[in-house]
Amino acid sequence: MAQGHHIIPIRTLAVVFAVLVALTIITVITARIELGVANVPLALAIAGSKALLVAIVFMALKYDNQVNVLVLSLGVLFAVVFLSLTLADTELRGVLGITDAGTTVIAVEAEEVLQEEPVPVAAYQAPEEVYQRYCITCHSLDGTVGVGPSLTGLTDRQPPDSILQSIMDPDVIVVSGYTGLVMQATLNGLGFYTNVSDASVDSLIAWLGDQ
Amino acid sequence: MSQAAGTLKHYFVTSEQQFDAAKMGMWLFLVTEILLFSGMFVAYAVYRAWHPEVFAHASELLDWRLGGLNTLVLLASSFTVALSIHFVQKGQNRKVVVLLLITLLCVAIFMVIKYFEYTGKFAHGIFPGAGYAPHGEAYAEYDIPFAPQFFSIYFIMTGIHGVHVLVGMGLFVWLVTRVVRGHFSSAWYTPVELTGLYWHLVDIIWIFLFPLLYLI
């Protein structure tokens, strides 16, 4: 019966209404001030406060059977689960590089495996050996023209720096009459760039000067 | 014999129990409403998280003065509804009618403002979905990727909210006719209380829509 129902005083309702209007004005003002990343959380905090005021006083949850508070809270809880799990998916999908603890165990383990793998140190190889394995197919030492030009008298035509570039980055300058892109692809395929040490390349260049 | 006794269903022991059951049923319905809107809020959150600069830019096209005015109008209507429950509890039905009519006025103002906002956007090619083709001064620059998503979300969220406002309008008209016919008393006023709960939730949804769409 009516006696059991709390009648909210007009004064209380009016105060809540005034606070709601004030919060609306505050949120308009703060949104128009550039606060960087704080703008969005602040606007949401003000909206949340207004919603709570409406729910507690206008919707009378404060005076009501508390089971209704439970009903509302469960509804809001499910909305929060919905929002947070969806954002956890859409925001972190496919990201392996994130470094937060917990979510990145796989990334950290992958990092550790990479750290542990020994960096191969190529052994020194004699210039004749290198030449026989990687160069001879295309470049002769007797003046015969092959896929590439003969290397006879190479050091008279090119300084050592230029020869080094022609080996390490062969397609930047291609001697006219020869096909570009072939040498780097071939050397890559043979594993030249990973298996031959810098020292071996240096001695190869010195050795070519004597041919 | 009180008027409440006439409304007591045989499967309830007391009017109080009947009232509590009705109210809890209304709260359960409101939870389904929260979950309905949460789907749209989640869509907003995902797209905003993906394209924050587009959403911040697109929200500038919505007039915060009209949105703010509508916020105040809805808050005022929530206040008058809360007052109408105060007076129906005291049995002052004449005041209840006046307050519900003021509420209806607020609802009408809200919908008229919404009408002008929508037509203003339509006139410049701002439509939801595939029809999006902004043109005209200050609008053409919004022909950018993911701006259509913002405006689709804007139209869907405010549109479904607007449908709720129209439903509320119908409920208030219905309540006014019932108060005038003397259906309610301080002993039994459940429909007024439950419509009030519905209306406050519609208000709360707008309290979140306003900053998310117009301000930030």
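Hydrogens, waters and symmetry mates play no part in the numbers below; they use all other heavy atoms, side chains included. Each chain gets a letter, A, B and so on, in the order the sequences are listed, and its residues count up from 1.
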Engineer: List the atom of Leu72(A), the atom of Val31(B), and the distance in Å for their closest heavy-atom pair.
Structural biologist: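 For Leu72(A) versus Val31(B), the nearest heavy atoms are CA-CG2, 4.2 Å.
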Engineer: Does any heavy atom of chain A fall under 4.5 Å from the side chain of Tyr214(B), the backbone, both, or neither of them?
Structural biologist: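 Interface part for Tyr214(B): neither.
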Engineer: Minimum heavy-atom separation for Ile216(B) and Ala43(A), please, with both atom names.
Structural biologist: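 Nearest pair, atom of Ile216(B) first, then Ala43(A): CG2-CB, 3.8 Å.
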Engineer: Output, in order, the C-alpha distance, side-chain angles, deciding distance and verdict of side-chain contact (heavy atoms from CB on, under 4.5 Å) for Ile8(A) and Gln89(B).
Structural biologist: CA-CA 10 Å; Ile8(A) 306 169; Gln89(B) 285 174 317; 5.8 Å; no
Engineer: Kindly compute the distance separating CZ (Phe78(A)) from CG (Leu35(B)), expressed to the nearest 0.5 Å.
Structural biologist: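 Here the rounded value is 8.5 Å.
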Engineer: Tell me, side chain or backbone of Leu30(B) under 4.5 Å from chain A's heavy atoms, or both, or neither?
Structural biologist: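 Interface part for Leu30(B): side chain.
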Engineer: Less than 4.5 Å to any heavy atom of chain A: does that hold for the side chain of Ala56(B), its backbone, both, or neither?
Structural biologist: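 It is neither, since no heavy atom gets under 4.5 Å.
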Engineer: May I ask you to decide if Val54(A)'s main-chain N or O and His200(B)'s side chain share a donor-acceptor pair within less than 3.5 Å?
Structural biologist: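 Not a single qualifying donor-acceptor pair exists.
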Engineer: In sequence, state the C-alpha distance, the side-chain angles, and the governing distance for Met24(B) and Val67(A), and then conclude on side-chain contact (heavy atoms from CB on, under 4.5 Å).
Structural biologist: CA-CA 8 Å; Met24(B) 189 181 169; Val67(A) 75; 4.2 Å; yes
Engineer: I'd like to know whether OH of Tyr178(A) has more than 12 heavy-atom contacts from other residues, nucleotides or ligands below 6.0 angstrom.
Structural biologist: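 Enclosed: over 12 neighbouring heavy atoms sit under 6.0 Å from OH of Tyr178(A).
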Engineer: Please flag which part of Ser78(B) lies under 4.5 Å from any non-hydrogen atom of chain A: side chain, backbone, both or neither.
Structural biologist: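 For Ser78(B), backbone and side chain are both near chain A.
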Engineer: Using 30° and 60° as the class limits, which term best fits the ring planes of Phe58(A) and Phe79(B): parallel, tilted or perpendicular?
Structural biologist: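 It falls in the parallel class, under 30°.
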Engineer: Heavy atoms only, distances under 4.5 angstrom: which of Asn65(A), Thr90(A), Thr30(A) has the most pairs with chain B? Name it, please.
Structural biologist: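 Maximum pair count with chain B is reached by Thr90(A).
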Engineer: Pick one of side chain, backbone, both or neither for Ile34(B), based on which atoms fall under 4.5 Å of a heavy atom in chain A.
Structural biologist: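 Side chain of Ile34(B) only, per the 4.5 Å heavy-atom cut-off to chain A.
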Engineer: Take a 6.0 Å sphere around OH of Tyr63(A) and say whether it holds more than 12 heavy atoms from other residues, nucleotides or ligands.
Structural biologist: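 Counting other residues, nucleotides and ligands, OH of Tyr63(A) exceeds 12 neighbours.
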Engineer: Just wondering, are more than 12 heavy atoms of other shown residues or ligands nearer than 6.0 Å to OH in Tyr47(B)?
Structural biologist: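 Incorrect, the count does not exceed 12.
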Engineer: Could you grab the distance from atom CD1 of Ile25(A) to atom OG1 of Thr71(B), nearest 0.5 Å is fine?
Structural biologist: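 Taking CD1 in Ile25(A) and OG1 in Thr71(B), the distance rounds to 11.0 Å.
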Engineer: Check this for me: Tyr193(A), atom OH, are more than 12 non-hydrogen atoms of other residues, nucleotides or ligands nearer than 6.0 Å?
Structural biologist: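 Above 12, so yes.
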Engineer: What's the separation between atom CG in Leu83(A) and atom OH in Tyr44(B), rounded to the nearest 0.5 Å?
Structural biologist: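 Reported to 0.5 Å precision, the distance equals 12.0 Å.
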Engineer: Has Arg94(B) got more than 12 heavy atoms of other residues, nucleotides or ligands less than 6.0 Å from its CZ?
Structural biologist: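 At most 12 heavy atoms, drawn from other residues, nucleotides or ligands, come within 6.0 Å of this atom.
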Engineer: Please name the pair of heavy atoms, one in Met59(A) and one in Leu201(B), separated by the smallest distance, quoted to 0.1 Å.
Structural biologist: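 In this case the closest contact between Met59(A) and Leu201(B) is CE-N, 4.0 Å.
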Engineer: Below 4.5 Å from any heavy atom of chain A, which atoms of Phe37(B) appear? Answer side chain, backbone, both or neither.
Structural biologist: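 Looking at Phe37(B), nothing touches chain A.
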Engineer: About how many Å separate OG1 of Thr24(A) and CG of Leu69(B), when rounded to the nearest 0.5 Å?
Structural biologist: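 These two atoms lie 11.5 Å from each other.
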Engineer: Please assess Thr27(A) against Trp64(B) for the test side-chain contact (heavy atoms from CB on, under 4.5 Å), listing each intermediate value before the final yes or no.
Structural biologist: CA-CA 11 Å; Thr27(A) 195; Trp64(B) 63 269; over 6 Å; no
Engineer: Which heavy-atom pair separates Asn68(A) from Trp27(B) by the least distance, and what is that distance?
Structural biologist: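 Taking every non-hydrogen atom into account, CG-CD1, 3.3 Å.
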Engineer: What's the shortest heavy-atom distance between Gly39(B) and Phe82(A), and which atoms?
Structural biologist: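 So the two residues come closest at CA-CE2, 3.5 Å.
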Engineer: Most heavy-atom pairs under 4.5 angstrom with chain B, which of Val16(A), Leu61(A), Leu53(A)?
Structural biologist: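 Result: the option with the highest number of such pairs is Leu61(A).
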Engineer: Which atoms of Leu70(A) come close to chain B, meaning under 4.5 Å heavy atom to heavy atom: side chain ones, backbone ones, both, or neither?
Structural biologist: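 Neither the backbone nor the side chain of Leu70(A) comes within 4.5 Å of chain B.
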Engineer: Heavy-atom pairs under 4.5 Å with chain A - which of Gly68(B), Ala76(B), Pro52(B), Gly67(B) has more of them than the others?
Structural biologist: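 That would be Ala76(B).
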Engineer: List the atom of Pro9(A), the atom of His86(B), and the distance in Å for their closest heavy-atom pair.
Structural biologist: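 Closest approach of Pro9(A) to His86(B): CA-CE1, 4.1 Å.
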Engineer: Using a cut-off of under 4.5 Å on heavy-atom pairs, state which of Val28(A), Asn39(A), Val21(A) scores highest against chain B.
Structural biologist: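 With the most close heavy-atom pairs to chain B, the winner is Val28(A).
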Engineer: Go through the atoms of Ile205(B) and report whether side chain, backbone, both or neither lie under 4.5 Å from a heavy atom of chain A.
Structural biologist: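 Answer is neither: Ile205(B) stays 4.5 Å or more from chain A.
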